[in-house]
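Below is one structure, written out as structure tokens; comments come after it.
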There are 2 protein chains.
Amino acid sequence: MASAARDKAAIFAALGDPTRLALVETLSDGHGRSISELASGVGMSRQAVTKHLKVLETAGLVANDRIGRESRFALDPSKLNDLADYLQSVSRHWDEAISRLKTFLGED
Amino acid sequence: MASAARDKAAIFAALGDPTRLALVETLSDGHGRSISELASGVGMSRQAVTKHLKVLETAGLVANDRIGRESRFALDPSKLNDLADYLQSVSRHWDEAISRLKTFLGED
DNA sequence: TGCATGCGCAACTCCGTGGTTGCGCAATCG
DNA sequence: CGATTGCGCAACCACGGAGTTGCGCATGCA
């Protein structure tokens, strides 16, 4: 339901960049920040960070709230929880297959 | 410990491609397969799949075992579990921040 | 009103990625 | 032995991602 495989890949891709991952970690303290604040945090130009934030926003990982001339971004952890569940389902699927294999081998 | 932020980003990037995600899901049944089998599964050339598998192997998500002239790939779910834990730690970090904020606001 | 700050948009460069094809080698089958 | 199958390596191409700079607009402050 939540999201098709393509959407999941998009979210993984959004997290698959060191700068964006750093942004997510920075925002994981629940404190929203302006683009300039985030830019100085990761030591990169404002526009570069703007692009990264747009990617994260498209993936649904962050939300934008414009206040006056500032654009404050905050983390939306719901997708992260979805992803964690998904990863666990994949690895659980694998574990079950291994269990069946062991049972099969054990039962001679 | 387990892996630095850059490694995590690499793993996310490895999963951030629809083809590679499909390969991982295919292999999640615990059954190793040859490159040609996987290629026909995703409807792509053998070399393209070879490249994808190399990316997944570099990220530590799959392991290669050459038998005769076949190269069988199988999933290694340990990294997936690591990632799931990581995602949950990030979102939990966020949840805690929100809880503190609510407490702060609630206590007047 | 004038100046500084924070952004958005657009153009441009650079290089990594995803895909293809072709060739050659090793292993397997008859 | 010859034919086939499974791969690896390399070259090549097209596209998009990541980053920069420059410009212009809107907001906020003195």
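Chain naming here is simple, since letters A, B, ... match the order of the sequence lines and numbering starts at 1 in each.
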I want to check one thing: is the phosphate of [N], taken as OP1 and OP2, less than 4.0 Å away from some side-chain N or O of [X]?
{"X": "T50(B)", "N": "dC7(D)", "result": "no"}
{"X": "S45(A)", "N": "dT20(D)", "result": "yes"}
{"X": "H52(B)", "N": "dG19(C)", "result": "yes"}
{"X": "R72(A)", "N": "dG6(C)", "result": "no"}

Handout entry: Connected via hydrophobic side-chain network under 4.5 Å: V90(A) and L83(B)
Key =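 The answer is yes; both residues are in one hydrophobic cluster.
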
Given [options], which nucleotide is nearest the side-chain atoms of [X]?
{"X": "I35(A)", "options": "dG19(D), dC7(C), dA18(D)", "value": "dC7(C)"}
{"X": "Q47(A)", "options": "dG8(D), dG8(C), dG18(C)", "value": "dG8(C)"}
{"X": "R69(B)", "options": "dC9(D), dT20(C), dT5(D)", "value": "dT5(D)"}
{"X": "D17(A)", "options": "dG8(D), dA18(D), dG19(D)", "value": "dA18(D)"}

Practice task
Compare all side-chain heavy atoms of Q88(B) with those of Q88(A) and state whether any distance is below 4.5 angstrom.
Solution key: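 Side chain of Q88(B) against side chain of Q88(A), heavy atoms only: contact under 4.5 Å found.
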
Handout entry: Minimum side-chain heavy-atom gap I11(A)-D82(A) below 4.5 Å
Key =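 The answer is no, as the side chains (C-beta and beyond) never meet within the 4.5 Å cut-off.
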
Exercise for the section: Please report the shortest heavy-atom distance between S91(B) and L80(A), naming the atom on each side. Expected result: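 That closest heavy-atom pairing would be CB-CB, 4.3 Å.
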
What is the distance, to the nearest angstrom, from the [atom1] atom on [X] to the [atom2] atom on [N]?
{"X": "K54(B)", "N": "dG16(C)", "atom1": "NZ", "atom2": "P", "answer": "17 Å"}
{"X": "K51(B)", "N": "dC7(D)", "atom1": "NZ", "atom2": "C1'", "answer": "15 Å"}
{"X": "N64(A)", "N": "dG8(C)", "atom1": "CG", "atom2": "P", "answer": "7 Å"}

Exercise for the section: Using a heavy-atom cut-off of under 4.0 Å over every strand shown, decide if R46(A) touches base, sugar-phosphate, or nothing. Expected result: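 Since a base atom lies under 4.0 Å of R46(A), the category is base.
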
